Amino acid sequence: MKKLTHVSDTGKANMVDVGHKPVEVRTAKASGHITLSKDTIKLIKENKVKKGDVLTIAEVAGIQGGKKTSELIPLCHPLSITKLEVTATLDQTGVTVESLAKCTGQTGIEMEALTAVSIALLTIYDMCKAADKNMIIDKIRLIEKIKSA
């Protein structure tokens, strides 16, 4: 059975020591979706949401959120992020958000990719909540995690 790395032998929260691990290029991709009403999709498409350009603001918020991951998730290491890209795309049922995160370091960058997607989706929710009371955020997942020397 695998052991949880963020729990000490005594059951306490533990920030993992990654100092012995090699420095590698780390890449992670994540995605998520928010289901919106047809009227809300139309408002976004026509850029008529009162708070502004939903897709662009969500993308910028996602980048900002990804950069703050270690401040939001207590046991995440602060990373020197070399690339953080977030795209928000309208589809037939709402908006799909995808992220790409890269760093050179001793631990993975998947939490930053997932946080970027989550914050972008929450931003869409915030910007559209006056027009749509039935939004559903779901399908947040890690798509890919790669490390290379």
Side-chain angles (χ1 to χ4, degrees), residues 2-7 11-16 18 21 23-148:
K2 290 191 174 191
K3 182 180 172 188
L4 295 174
T5 58
H6 287 78
V7 179
K12 298 289 184 183
N14 175 43
M15 187 171 190
V16 176
V18 296
K21 295 172 83 175
V23 174
E24 297 177 290
V25 175
R26 313 268 184 158
T27 304
K29 294 179 182 178
S31 68
H33 187 266
I34 184 166
T35 303
L36 306 167
S37 71
K38 295 214 179 288
D39 290 339
T40 304
I41 293 169
K42 184 178 179 189
L43 286 172
I44 293 170
K45 191 180 290 186
E46 295 174 357
N47 199 20
K48 292 186 177 177
V49 174
K50 290 184 180 183
K51 289 188 172 187
D53 180 348
V54 172
L55 301 179
T56 300
I57 293 170
E59 290 170 348
V60 173
I63 292 168
Q64 186 176 6
K67 292 183 337 185
K68 299 274 187 190
T69 299
S70 67
E71 296 174 35
L72 299 168
I73 313 283
L75 301 178
C76 282
H77 293 83
L79 300 177
S80 181
I81 299 170
T82 59
K83 175 75 173 169
L84 193 48
E85 182 178 295
V86 177
T87 57
T89 308
L90 271 174
D91 58 43
Q92 291 183 345
T93 61
V95 178
T96 297
V97 175
E98 297 177 317
S99 70
L100 166 68
K102 290 184 178 183
C103 73
T104 301
Q106 294 167 291
T107 189
I109 193 162
E110 66 273 18
M111 293 307 298
E112 287 72 10
L114 289 161
T115 300
V117 165
S118 299
I119 296 298
L121 291 167
L122 287 168
T123 299
I124 295 166
Y125 190 100
D126 177 60
M127 293 185 74
C128 298
K129 66 186 177 208
D132 194 338
K133 305 297 185 202
N134 297 305
M135 295 177 283
I136 299 169
I137 294 173
D138 65 359
K139 300 179 185 172
I140 298 172
R141 67 186 189 98
L142 182 66
I143 297 170
E144 180 178 72
K145 177 180 170 178
I146 300 170
K147 62 181 173 180
S148 58

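In this text, all values refer to a predicted model and were calculated from it rather than measured experimentally. If you read the sequence from its start, that first residue is 1, and numbering goes on from there. In what follows, every heavy atom counts, from backbone to side chain, and hydrogens, waters and symmetry copies are set aside.
- The residues Lys129 and Asp132 are annotated as not salt-bridged, no charged nitrogen and carboxylate oxygen being separated by less than 4.0 angstrom.
- Using a 4.5 Å cut-off on side-chain heavy atoms (C-beta onward), Leu84 and Leu100 make no contact.
- Here the side chain of Thr27 pairs no donor or acceptor atom with the backbone of Lys102 at under 3.5 angstrom.
- Looking at heavy atoms from C-beta onward, Thr93 lies out of side-chain contact with Leu36 at the 4.5 angstrom threshold.
- Note that CG of Leu114 is 9.0 Å distant from CD of Glu112, once rounded to the nearest 0.5 Å.
- Nearest heavy-atom pair across Ile119 and Ala61 is CG2-O, 3.3 Å.
- Considering only residues two or more places apart in sequence or on other chains, Thr107 meets the side chain to side chain contact (heavy atoms under 4.5 Å, CB included) condition with Val18, His77, Leu79.
- Atoms CD1 and CE, on Ile57 and Met127 in that order, are 3.5 Å from each other to the nearest 0.5 Å.
- The salt bridge (charged side-chain N to carboxylate O under 4.0 Å, His left out) test applied to Asp138 returns no partner, not counting sequence neighbours.
- Across every non-hydrogen atom of Ala58 and Thr123, the tightest pair is CA-CG2, 3.9 Å.
- Closest non-hydrogen pair, Glu110 versus Ala28, comes out as CA-CB, 3.6 Å.
- Atoms OG and CD, from Ser148 and Glu24 in turn, are 7.0 Å apart once rounded to the nearest 0.5 Å.
- With sequence neighbours left out, the salt bridge (charged side-chain N to carboxylate O under 4.0 Å, His left out) criterion links Lys133 to no other residue.
- Using a 4.5 Å heavy-atom threshold, the side chains of Val97 and Ser31 count as separate.
- By the 6.0 Å contact criterion, NZ on Lys21 is enclosed, its count of non-hydrogen atoms from other residues, nucleotides or ligands being greater than 12.
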Which side-chain N or O atoms in residues 41-49 pair as donor and acceptor under 3.5 Å with protein atoms at least two apart or in another chain?
none

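- Nearest heavy atoms, Ile109 versus Ala101: CG2-O, 3.5 Å.
- Contact check for Lys29 versus Leu142: no side-chain heavy atoms found under the 4.5 Å cut-off.
- Every residue meeting the side chain to side chain contact (heavy atoms under 4.5 Å, CB included) condition with Asn14, not counting sequence neighbours, appears here in chain and number order: Ser8.
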Validation: residues 62-73 side-chain donor-acceptor distances under 3.5 Å, sequence neighbours left out:
unit_1 : atom_1 : unit_2 : atom_2 : d
Thr69  : OG1    : Gly66  : O      : 2.8
Thr69  : OG1    : Thr115 : OG1    : 3.4

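- The two residues Lys51 and Asp126 have their closest heavy-atom pair at NZ-OD2, 3.2 Å.
- Between the side chains of Asp39 and Ser37, no donor N or O sits under 3.5 Å from an acceptor N or O.
- Checking Leu121, Thr89, Leu55 one by one against Val95, the side-chain contact (heavy atoms from CB on, under 4.5 Å) holds for a single residue, Leu55.
- Residue Ser118 holds its OG atom at 8.0 Å from CE of Met111, rounded to the nearest 0.5 Å.
- For Val117 against Glu98, the heavy-atom pair with the smallest separation is CG2-C, 4.2 Å.
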